[in-house]
Structure formats: structure tokens, C-alpha cells
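First the structure, in the form of C-alpha cells, and then the observations on it.
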Amino acid sequence: MTTILQQNAYTPQSIEAKWQATWQAAKLHAIDTANPEPSGETFYCLSMFPYPSGRLHMGHVRNYTLGDVVSRIKRMQGYTVLQPMGWDSFGLPAENAAIQRNIAPEAWTLENIAYMRGQLQRLGFAYDWSREVLTCQDDYYRWTQWLFLYLYQRGLAYKKEAPVNWCPIDQTVLANEQVIDGKCWRDGALVEKKRLSQWFFKTTAYADQLLDNLETLSGWPERVKTMQARWIDRSLGTEVKFDIADSDFAIDVYTTRADTLMGVTYLALAPEHPLVAHVTRPEHLAAVESYQQEAKNKSELDRTAEGREKTGVPLGSYAKHPISGKLIPIWVADYVLADYGTGAVMAVAAHDERDFEFAKKYNLPIIEVISAPANCDSGDQSSLSNDKPGAYTDKGILINSGDFDGLDSDAAKEQITQFLTARQLGQAKVQYRLRDWLVSRQRFWGAPIPIVYCEKCGTVAVPESELPVKLPSAHDVDFQAKGKSPLASCDAFVNTVCPNCEGPATRETDTMDTFVCSSWYYLRFVDPHNTSQPFDPALIARWLPVDQYIGGIEHAILHLMYARFFMMALADGGLTGCKENQEPFKQLLTQGMVLKDGAKMSKSKGNVVDPDEILKTYGADTARFFILSDSPPQADFDWKDSGVEGCFRFLQRVWRVVSDARSLVNLSAPAPSILDDTLTGNQKDLLRMTHQTIAGISRDIEGKTSASEPDLNASFQFNTVVSKLRELVNFMSKHAIQSEPGSQENIDSSCPVYSFAVSSLLKLLAPLCPHISEELWHRLGGSGFIHEQAWPVADPAALVAEHATVVVQINGKLRDQFEVATDTPKEALEATARLLPKIAGLLEKQTIVKTIVVPNKLVNFVVKPI
RNA sequence: GCCGGUGUGGCGGAAUGGUAGACGCAUGCGACUCAAAAUCGCACGCAGCAAUGCAUGUCAGUUCGAGUCUGACCACCGGCACCA
């Protein structure tokens with residue numbers, strides 16, 4: 001039995017648990033993706049699923065609150081909303097726990113998931129838990145393996161030996177995208193280069209599509225698109241072949257400046273270039289080899305350090321210029337990167353800063369072939385001086401270039417490329433910075449790569465019927481195996497029979513990068529229990545792309561590009577329902593970080609806020625309300641304990657304002673009309689205020705659009721939603737009294753206007769604070785769940801105020817103001833303004849040049865002295 | 001260096017080209033209370049007793065009117081960086 005006292009106090013903990021259980025029992029958030037409501041449109045709202053690290057942090061709370069509010073609003077607006085949740089549950093920390101604490105990775109992972117799932121439930125998120133997926137379970141990773149084979153069969157997965165990034169701490173290779181400033185993205189260890197045979201996904205096959213499609217993603221933040229574009233970095237240039245004198249070899253170089261071809265004075269090869277060994281003159285061999293060794297010993301970071309002095313040694317051999325036939329010395333220099341272009345460059349010292357620096361240092365000739373256009377006075381016009389401070393790198397007019405003299409750079413690029421192509425000395429070439437995605441990992445806790453090596457048949461794909469290739473038990477592997485996958489230590493796993501010839505064979509022992517698992521989870525959520533295929537393409541056609549995706553900016557390149565690659569590759573095989581369905585995420589919101597008192601939360605600083613503590617003290621509604629309040633979602637959010645207090649106070653006020661009047665409020669009463677003349681002035685004011693709040697909040701959640709330049713990035717302005725809810729509650733608590741009749745000043749709580757205000761408030765608050773609004777809704781006798789109610793719609797007639805404050809300006813400066821009835825004619829406004837004593841005084845001895853009148857807003861007198 | 005973003009009180013932040021600082025936090029004063037907490041009320045950009053003046057990173061421009069539009073610059077944050 002609850003006592004009167006308890007009924008009157010706001011005790012979030014008991015309310016929240018009760019409603020969470022009730023909603024779950026009523027399957028309020030479960031949907032059938034195969035049969036969405038016939039009437040409603042679908043809306044797929046997805047937050048990036050978490051890695052089960054142990055417990056939620058405030059970044060999760062912010063991410064998932066944003067997604068939950070969007071989902072709940074869309075549902076009230078009539079959409080069939082899919083909001084699933086799952087776990088990105090393969091990964092290294094589980095393995096480290098196994099090593100350090102002797103817990104099996106699976107046990108550690110499942111324990112964390114159980115705890116974190118409980119936290120998500122206590123926060124009241126409206127997930128359809130029947131769709132939960134764990135990427136580490138074989139009913140999921142069997143399809144990750146299936147998709148690997150799908151890519152393999154389409155030539156998009158291949159194995160090759162290549163210099164790869166090796167992290168000495170994680171004891172595994174890394175993708176290019178996982179190396180930041182030469183260091184491992186996870187632990188900051190200096191990455192080493194190793195030559196290994198590894199599996200790659202051919203992301204470069206989609207380089208153009210990944211780049212070009214960015215333009216269609218109008219719902220993505222500009223900075224994410226820019227980051228991806230620069231990562232892919234397409235450049236259009238020319239490959240030029242240089243024959244080597246007295247040799248059968250030729251060196252291909254890549255250049256974007258074919259117009260400078262006649263200015264080439266040497267060639268430079270990367271130390272790793274395979275031809276170095278073949279074209280070095282015997283007398284130079286010792287010096288070249290020692291230079292190569294030196295380069296090898298330097299770390300990636302050292303080699304690319306900013307402002308480093310360029311070095312190199314000559315090979316003693318010469319190349320023939322493809323047009324002039326002149327002999328050009330060949331050098332090896334470590335400023336040339338082995339893995340961009342052809343690993344060799346034609347050096348044009350006069351027009352490239354790096355080549356210029358190198359030529360100066362080693363006294364190589366500098367030939368100017370581009371002069372600044374005549375109408376451009378920036379460049380140094382005096383020709384061939386030896387003491388130029390630097391290279392002229394802009395476009396210009398060709399000189400010293402024989403038949404090409406006088407052309408401008410753009411025309412020259414084209415004509416020189418044509419000239420070379422006709423003689424088979426070169427060709428136009430597109431070059432990307434993007435590399436193929438290295439997906440092999442020498443780790444245990446990941447999806448095994450479903451490949452078998454047979455002595456007779458070679459590399460053989462595991463047949464679909466034999467999937468999943470299951471991970472062995474953690475007891476049977478040695479996690480400490482250095483430099484190779486722990487799976488290689490498990491004979492029972494390694495030794496198998498060839499699916500082709502049934503002869504002895506061994507399994508691939510590497511597992512897949514966990515980013516492979518997370519590249520397709522948004523597809524599985526639509527059809528999570530399918531046992532015959534990863535997902536039904538017909539369902540994908542209906543639900544994809546994800547309407548709203550929400551997550552951290554740290555995935556701007558990694559996850560978001562891999563997922564786009566997957567979707568494109570699947571679209572080409574018809575697995576996404578139709579070929580056009582090739583982008584996974586229509587709208588993307590990248591939320592800012594959660595800070596504490598202006599600083600990044602970190603364990604070492606001891607300023608981490610634990611969501612559990614907040615839940616215990618204030619409840620989920622307060623936590624949700626606060627994290628939505630102070631900053632727009634894209635900006636960083638500063639967690640302040642006093643701010644949480646303020647939000648808790650606010651919800652207590654809502655509780656009081658609503659429940660004080662609960663016997664008088666009638667939620668089923670029809671909404672009063674603003675035209676009803678029996679309403680008092682104050683009642684009309686509250687009615688207008690309520691409609692204005694509905695209109696304002698509805699606008700804030702649709703994203704900003706200005707008439708002149710629609711901002712297509714829908715931004716959810718939940719911080720201003722919070723402000724508007726506070727204003728409405730302020731207004732209500734100021735004007736409401738409890739059934740004290742006869743007062744004209746205040747609003748009787750029993751009047752229909754008050755009931756309307758209360759029901760609107762609860763509906764507007766429901767997506768943000770689902771528990772308190774549900775509780776109050778029921779206490780006031782509302783029918784059904786509040787989350788099933790229709791989103792309120794503002795009455796345009798009630799948005800017009802009765803009075804307007806008109807501002808009077810003189811020469812644009814504010815001088816006075818007055819109140820008038822709305823829509824008072826211009827002439828009357830001007831006349832009234834002139835007669836204001838203050839204005840009249842100021843207008844003396846002035847000539848009015850012009851008067852601007854904006855109805856309901858202002859009167860501006862433009863004056864000058866007589 | 002290149003690319004992107006952001007600059008508004010003590011703080012987080014509001015402002016369809018039309019009253020800059022909504023809403024909140026912090027602070028101060030007052031009411032209630034034996035007292036405290038809670039709650040409620042008032043004040044709160046800067047200078048000034050006031051009238052008033054000055055204020056949205058800086059400098060120009062457009063406009064009757066600019067935080068908002070245009071141009072140049074500065075600062076900070078983020079991404080990439082010897083990419084030929």
C-alpha cells in the first residue's frame with residue numbers, strides 16, 4: 001500500500017523500474033519488420049552499438065539518449081520505428097582479460113554484456129530487445145564468414161604478401177585506418193612495418209563510388225564527408241615510362257604535373273622499390289644497399305617526420321627522357337614513398353618544393369619549364385636565376401619545352417599525356433590514397449577466416465554448408481603465442497580436411513578485424529533470426545538505408561567507410577533488394593564528447609562520472625533530461641553536478657505542478673479553442689503559450705531550415721526543446737492555483753485550458769523523460785501508454801498573440817516601445833510612435849527622411865538634423 | 001601547409017536581417033523557518049548615482065537596421081600531411 005505521503009513525492013527509482021517492466025511485458029517496443037503497420041511509414045533509428053567493455057560511460061548515455069528521443073518522437077508521429085541494440089563483442093580487450101585474469105574471453109564478454117544490458121534497460125531505452133545481436137556468437141559470425149566468402153567469390157577478398165603495419169603490443173597487424181601518426185589507434189604503440197601474407201578487402205574497387213556518393217549524402221555532416229574524401233584522395237595524373245640506358249628495365253613514375261615533363265632533371269626511387277637492385281651500377285651498390293638498410297631501420301614516424309632533411313644516393317645509372325632522349329640520373333631517396341603511385345617519381349626541381357630542396361642539396365640541375373602567366377604578378381618573372389628561394393609550384397605557361405612552349409599547364413598536361421600515350425610511353429592514370437583494407441588479425445577473439453589450405457588444391461573456401469567455422473574453446477589455445485595467431489596453437493582447429501579432395505589440409509588461423517563484424521550489423525537487425533541467409537533482401541529494400549544513425553565522430557573514417565563499402569559490394573550482388581540501395585545511412589548525427597567541468601573524462605584524472613551513481617541518486621529521467629539540455633547534440637557537453645541537480649529540481653516541479661491538480665485535470669476533455677470568448681485573458685495566454693511550445697518544439701526536433709538556405713543536415717535541437725519545456729512549466733506554476741474560484745489573476749486548475757496544457761506538457765516531455773510522463777499520465781487517468789499517443793499539433797490560430805510590443809527606433813537605435821493590439825495598421829503605429837513624449841522630444845530639430853514600419857514589430861525613423 | 005569547424009555575460013548556451021543574452025548553472029538580496037534544507041520572490045553583460053554610453057574575435061562593406069549577409073584578417077579546435 002502506498003501512503004498519501006509517498007504518492008506525493010517524486011521517487012524516480014520506483015516509478016522507473018515499474019514502467020520498464022510494464023512496457024517490456026506489453027512488448028511496447030517490439031515490432032515486426034516483415035509486417036510494419038499498414039498505415040504508417042517506417043523509420044529506422046540506429047545508435048552505434050557498443051563494445052562491451054564493462055560498463056556504460058557517459059558518452060554511451062548521451063549517444064543512446066539522443067537515439068531514443070528521436071525514436072520515441074517518430075513513433076508518436078505515426079511511424080513504425082525500428083530501434084534495435086546489440087553488441088560489437090569481438091575484440092582484443094576480452095583476450096587481454098583472458099591473459100591477465102585467466103578468464104575465457106567469452107565469459108568475460110558475456111558478463112559485461114549482461115551488466116551493460118541492465119544499465120541500458122534502467123535508462124529506459126525503447127529497444128526491441130528481441131532483435132539483440134552479439135557479433136561474437138556463431139549465429140552471427142557464421143554470416144560474417146558467409147559475407148567474407150561472398151566477397152572472396154566476387155574477387156573482393158584476396159590474400160597477398162605486402163608490407164603491413166604491425167603493432168608490437170597487440171601482436172597483430174593493423175589496417176591503414178587504424179594507424180594514427182604512425183602509432184596504433186588502440187594503445188599508441190609505434191607501428192612497425194612487416195612483410196607478411198595477409199587477407200585484404202578490395203575497398204579500392206569502390207574508391208570512385210565511395211567518393212562520388214558522398215555528394216548524395218546531404219544528411220551527413222560536412223566534416224565527416226570531407227574527412228572521407230581526403231582519406232580516399234583521388235588524383236588524376238599521368239604515368240610516364242622512363243627506359244633505362246644500357247638495360248632492358250624501365251621505370252614507371254606517376255605525376256599530376258605532366259606539364260613539367262621537360263623539366264625533369266633526375267628520377268628518384270623509394271628505397272623499397274624492386275628495381276633498385278637491378279639498375280644500380282656495381283660501383284654504387286655498397287652505398288645504395290647501406291642507404292636501403294638505413295631507411296629500413298627508421299620507423300615510419302621518423303621517416304615522415306616534418307621538416308626532415310631529404311637524403312638520397314645515386315644509383316650510377318641513367319634513364320632516357322621519353323621526349324628529349326636526354327640522360328637523367330637515377331637516385332634512391334627515402335622522401336619517395338614506396339606505397340603511393342609507382343614508388344618512383346620524376347623530379348622537377350624548378351616546380352616542386354621537395355625536388356627543389358633535394359636538387360639544391362645534391363647540386364642537381366634545375367630547369368625552369370613553367371613561367372607565371374603574364375597577368376599574374378605574384379611569381380618571380382626573371383627567368384633562370386640560380387638563386388631562387390624556392391620552386392614555382394603554380395600552374396603557368398610552358399617554356400623551354402620545345403613544341404609544347406606557350407601552352408598553359410592544363411592544355412599541356414593533356415597534350416603531353418596524349419603524346420606519350422600515342423608512343424606507348426605513358427598513359428592517363430587515376431591514383432588514390434585509399435588502400436585496400438587489411439582484415440587479417442593474429443588474434444583469437446574474432447571471427448575465423450573461413451579458408452582452408454590444401455597441399456593439392458591450394459586456397460579453398462569453406463563451403464557454405466560447413467559454416468560457421470567455430471572458434472575452439474579458450475582452454476585449447478595459447479594466448480601468448482608471439483607473432484602468430486593463438487589459433488595456430490590449437491591442432492584440433494588447424495588440422496582439417498580439404499573440402500575439395502578430402503585430403504589433409506590446414507585452416508587459416510587469422511581472424512577478421514572486428515570492424516568487419518560491425519560493417520553489416522545494421523542489416524542483420526532487420527532480420528536477426530534468419531537461419532538461411534544473413535538477411536532477406538526484400539526486408540533490406542524496405543528498411544534501408546537507416547533513416548537516422550547516431551554515433552561518435554571517431555568513426556568518421558573507419559567504421560563509416562567500411563560499412564559503406566560493404567553496402568556497395570552487397571548492392572552489386574543484389575543483396576540489398578535493389579542496386580540503388582547502396583548507402584547504409586541516410587542521416588548521420590555525430591554527437592560531441594561528454595566532458596566534466598570542461599575537461600575530458602578520464603580514469604587518470606579521476607573525473608569520470610559513473611552512470612550508475614546518477615541513476616541511483618536521480619533516476620534515468622533526470623540523467624536523460626540533463627544530457628539533452630545544455631548543448632546541441634553535435635557540440636561537446638560539459639557535465640556539471642550542479643546541472644544535474646537543476647534538472648532533478650525541474651522534474652520535481654513538473655511532478656508538483658501536475659499532481660497538485662490531478663483531481664481537477666481531465667485528459668479526455670476536448671482541446672479548448674482560442675476563439676472561445678468565455679476564456680479569461682490569462683486562460684487565453686496559457687492556451688497560446690501551450691500552442692507556441694508545441695509549435696516551437698516540433699520545429700526544433702525537425703532540424704533547422706531557413707527559407708533562403710535550407711540546411712539539409714537535420715539537427716535535433718534538444719537543448720532548446722528543454723528550454724521550451726521549462727518555460728511552459730514556469731508559466732503554469734506561476735499562473736495556476738488549485739481550485740480557488742473567483743480569481744481573475746490566476747487560472748483555475750479545473751478549467752479545460754489547464755487540462756490541455758498538462759496533457760500537452762506530458763506528451764512533449766514523454767520522449768525525453770519516458771517514466772515520469774507515463775506515471776503522471778496514468779495518475780491523471782490517461783488511457784493507454786503515453787508513448788502511444790499522437791504527437792500534439794499546434795493550432796495556427798492560437799499562435800497569434802493578442803498584443804504586440806512595438807519597438808521605436810531612431811536611425812536604427814532603440815529609443816522607446818509601446819504595446820498595441822496585434823495587427824494594428826502601419827499608419828496608426830507611426831502616429832502612436834511620433835506622439836510618445838520621449839520620441840517627440842528626440843524628433844525635434846530633426847528632419848524625418850524616411851520611416852520604416854514593420855507591423856507588430858517596430859517603427860524606425862530615419863532622421864537628419866535640420 | 002592544405003581542408004573542415006567554431007568564436008556571444010562569471011559559465012553552458014538562446015536569438016525567420018528587426019528589443020542581443022531566452023532557458024539553465026553560479027552568485028547576491030529577501031520571504032518562510034527556532035534554525036537548516038527544500039520552496040517561493042527579486043536582482044544579475046560592462047562602465048556610470050543617473051541620464052546615457054559601450055558591447056556578439058578584429059577591420060571594412062551592404063542595409064533604415066547586422067550576432068545573423070559579403071570580403072579580408074586573427075584566434076582556437078579537429079582532420080590530413082614528403083601523396084609526386
Side-chain angles (χ1 to χ4, degrees), chain A residues 180-181 221-231 233-235 237-238 253-257 260 268 303-310 333-337 339-348 351-355 357-358 393 431-434 553-554 556-557 595 597-598 626 629-632 634-647 649-650 652-653 656 696 699 704-709 717 719-727 729-730 733-734 805-817 849-854 856-863:
Chain A
I180 294 154
D181 290 335
E222 208 50 50
R223 68 171 167 158
V224 174
K225 289 193 279 184
T226 314
M227 280 164 73
Q228 290 207 1
R230 289 182 63 91
W231 188 261
D233 194 24
R234 176 167 59 197
S235 85
T238 307
V253 303
Y254 173 76
T255 180
T256 55
R257 292 298 301 270
T260 64
R303 267 186 68 171
T304 57
E306 195 183 349
R308 213 183 116 243
E309 198 182 339
K310 290 173 180 42
D334 71 1
Y335 78 92
V336 181
L337 304 175
D339 53 2
Y340 183 79
T342 61
V345 299
M346 57 174 228
V348 184
H351 304 294
D352 181 279
E353 297 289 357
R354 297 153 299 183
D355 300 344
E357 195 192 312
F358 193 85
T393 57
Q431 193 67 49
Y432 306 90
R433 202 183 80 114
L434 178 74
I553 186 74
E554 67 274 17
I557 293 172
L595 311 174
D597 302 319
F626 177 49
S629 65
D630 275 349
S631 302
Q634 299 87 341
D636 286 348
F637 178 88
D638 198 5
W639 184 279
K640 283 190 180 152
D641 293 337
S642 57
V644 195
E645 288 281 353
C647 290
R649 279 202 298 269
F650 171 73
Q652 287 174 306
R653 278 183 75 210
R656 271 200 309 277
R699 204 170 46 238
K704 265 189 193 168
T705 31
S706 84
S708 55
E709 198 187 336
Q717 298 267 104
N719 54 328
T720 53
V721 170
V722 164
S723 300
K724 283 167 184 134
L725 288 170
R726 286 178 185 276
E727 281 176 288
V729 172
N730 287 350
S733 66
K734 201 165 187 171
T805 305
V806 174
V807 168
V808 187
Q809 299 179 333
I810 292 177
N811 287 343
K813 292 217 175 205
L814 176 69
R815 294 302 176 201
D816 207 352
Q817 58 186 52
V849 182
K850 193 174 176 185
T851 307
I852 284 121
V853 183
V854 182
N856 299 328
K857 277 258 166 64
L858 68 89
V859 178
N860 184 15
F861 295 107
V862 184
V863 301

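Here is the naming used below: chain letters follow the sequence lines, and residue numbers restart at 1 for every chain.
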Completion exercise
note: A/Glu727, atom CD; B/A15, atom P; distance rounded to Å ~ 11 Å
Fill in the blank from the handout: Residue set satisfying side chain to side chain contact (heavy atoms under 4.5 Å, CB included) with A/Thr851, at least two apart, ordered chain then number -> A/Glu830, A/Ile848, A/Val853, A/Val859, A/Phe861
Handout entry: Watson-Crick or G-U wobble mate for B/C42, both contacts under 3.5 Å
Key = B/G28
Exercise for the section: Rounded to whole angstrom, note down the C1' distance from B/U62 over to B/U70. Expected result: 7 Å
Practice task
Please state how far atom OH in A/Tyr335 lies from atom P in B/C82, giving the value in whole angstrom units.
Solution key: 14 Å
Problem - B/G7: pairing nucleotide in any strand, Watson-Crick or G-U under 3.5 angstrom - result: B/C74
Got a list of protein N/O to nucleotides 60-64 of chain B N/O distances below 3.5 Å?
| residue | atom | partner | partner atom | Å |
| --- | --- | --- | --- | --- |
| B/C64 | OP1 | A/Lys850 | NZ | 3.3 |
| B/C64 | O2' | A/Asn860 | ND2 | 3.4 |
| B/C64 | O2 | A/Asn860 | ND2 | 2.6 |

Problem - Same-atom distance (P) from B/C44 to B/C29, integer angstrom - result: 16 Å
Handout entry: N/O (side chain, A/Asn730) to phosphate O (OP1/OP2, B/A22) under 4.0 Å
Key = no
Exercise for the section: Let me know, please, whether A/Glu645 or A/Gln652 comes out on the 5' side of the other along RNA chain B by nearest nucleotide. Expected result: A/Glu645
Exercise for the section: Determine the contact category for A/Arg726: base if any of its heavy atoms lies under 4.0 Å from a base atom, sugar-phosphate if only primed atoms, P, OP1 or OP2 are that close, otherwise nothing. Expected result: sugar-phosphate
Practice task
If B/G21 has a Watson-Crick or G-U wobble mate with both distances under 3.5 Å, name it; if not, just say none.
Solution key: none
Problem - Distance between P atoms of B/G57 and B/A36 (Å, rounded) - result: 44 Å
Handout entry: Watson-Crick or G-U counterpart of B/A81, or none if no pair lies under 3.5 Å
Key = none
Handout entry: Distance between P atoms of B/U16 and B/C69 (Å, rounded)
Key = 11 Å
Problem - Pair A/Phe626 and A/Phe637, ring centroids less than 6.0 Å apart - result: yes
Problem - Syn-anti status, with the boundary at 90° from 0, for the nucleotide B/G9 - result: syn
Handout entry: A/Arg649 side chain near B/C25 phosphate (N/O to OP1/OP2, under 4.0 Å)
Key = yes
Polar-atom pairs under 3.5 Å, protein N or O versus N or O of nucleotides 4-14 of chain B: list them with distances, or write none.
| residue | atom | partner | partner atom | Å |
| --- | --- | --- | --- | --- |
| B/C11 | O2' | A/Lys640 | NZ | 2.9 |
| B/G12 | O2' | A/Asp630 | O | 3.3 |
| B/G12 | O2' | A/Ser631 | OG | 3.4 |
| B/G13 | O3' | A/Asn719 | ND2 | 3.3 |
| B/A14 | OP1 | A/Asn719 | ND2 | 3.1 |

Practice task
Using Watson-Crick or G-U wobble geometry with both distances below 3.5 Å, tell me the partner of B/C34, or none.
Solution key: none
Handout entry: Protein-nucleotide distance (A/Arg230, atom CZ; B/G78, atom C1'), rounded to Å
Key = 12 Å
Exercise for the section: Select base, sugar-phosphate, or nothing to describe what A/Gly646 touches, counting heavy atoms under 4.0 Å on all strands. Expected result: sugar-phosphate
Exercise for the section: Nearest whole angstrom, please: distance from the P of B/A66 to the CG of A/Leu814. Expected result: 13 Å
Exercise for the section: Could you please name the partner base of B/U56, counting Watson-Crick and G-U wobble pairs only when both distances are under 3.5 Å? Expected result: none
Completion exercise
Pairing partner of B/A14, by Watson-Crick or G-U wobble and under 3.5 Å for both distances, is none
Exercise for the section: Go ahead and name the base partner of B/U62; Watson-Crick or wobble counts if both distances stay under 3.5 Å, otherwise write none. Expected result: none
Practice task
Could you tell me whether A/Thr851 contacts a base, only the sugar-phosphate backbone, or nothing, with contacts defined as non-hydrogen atoms closer than 4.0 Å?
Solution key: nothing
Practice task
Return the value, rounded to whole Å, for the distance between atom CG of A/Leu337 and atom C1' of B/C82.
Solution key: 6 Å
Exercise for the section: Report yes if at least one side-chain N or O of A/Arg656 is closer than 4.0 Å to OP1 or OP2 of B/C40; otherwise report no. Expected result: yes
Practice task
Determine the interatomic distance between C1' on B/C54 and the same-named atom on B/A20; round to the nearest Å.
Solution key: 14 Å
Exercise for the section: For nucleotides B/U68 and B/G18, find the distance between their C1' atoms and express it as a whole number of Å. Expected result: 11 Å
